[in-house]
Amino acid sequence: MGPPRRKMLATAQETLTPPAELTETQLIARAIKATGNNIYLIELSNKTQMLVELPARFRSTIWIKRGSYIVIDTKASDERENKIGGEIINVVLDEKAWKKASFWPKEFVKQPVAAADSDSEEESRVGKMPSSDESE
């Protein structure tokens with residue numbers, strides 16, 4: 001049986017608003033993939049990768065997709081004798097509110113995608129039916 005609904009709602013509610021500031025050991029990272037057993041491979045803003053652990057309070061409550069942002073704490077990594085470099089302390093659910101914060105890394109701001117000129121390149125045919133003259 002899963003955790004009580006009030007506990008799940010309280011956990012989800014605390015992830016909606018960003019904190020006023022982050023400590024020196026807290027970092028914002030992007031999830032690359034789930035490696036199993038509540039361990040995730042993440043990428044920091046300086047392009048380094050590390051393994052982090054999802055604590056028990058988030059398990060079966062919040063799921064982390066590839067490319068989503070999380071806040072990790074590396075304070076306990078000095079005491080550990082394994083490859084895990086930190087612990088997830090918050091999951092960014094409302095990206096718009098978090099990106100307005102002063103501590104959001106500039107490397108994680110999405111770059112606008114330039115529109116391709118339709119005159120210079122052939123039109124994409126992905127998801128379209130082939131023309132009738134191609135089938136013969």
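Along the sequence shown, the residues carry numbers beginning at 1.
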Nearest 0.5 Å please: distance from the CZ atom of Phe108 over to the CD atom of Glu43. 6.0 Å

My understanding is that only residues two or more places apart in sequence, or in another chain, count here; which of them pass salt bridge (charged side-chain N to carboxylate O under 4.0 Å, His left out) with Arg57? Glu14

Between side-chain atoms of residues 19-41 and protein atoms elsewhere (two or more places apart, or another chain), which donor-acceptor pairs fall under 3.5 Å?
residue	atom	partner	partner atom	Å
Thr23	OG1	Thr25	OG1	3.4
Thr25	OG1	Asp73	OD1	2.7
Gln26	OE1	Thr23	N	3.4
Arg30	NH2	Tyr69	OH	3.4
Thr35	OG1	Ile39	O	2.9

Among Val71, Thr61, Ile64, which one satisfies side chain to side chain contact (heavy atoms under 4.5 Å, CB included) with Val91? Ile64

For Pro18 against Ala97, the heavy-atom pair lying closest together: CG-O, 3.9 Å

Mind checking whether Leu93 and Phe58 sit in one hydrophobic cluster, side chains of I, L, V, M, F, W, Y counted as touching below 4.5 Å? yes

Close side-chain approach of Ser68 and Val92, heavy atoms under 4.5 Å: no

With sequence neighbours excluded, tell me which residues meet side-chain contact (heavy atoms from CB on, under 4.5 Å) with Ala101. Phe103

Just how far is it from atom CD of Glu87 to atom CG of Leu54, taken to the nearest 0.5 Å? 8.5 Å

I need the Leu44 CG to Ile72 CD1 distance, nearest 0.5 Å. 5.0 Å

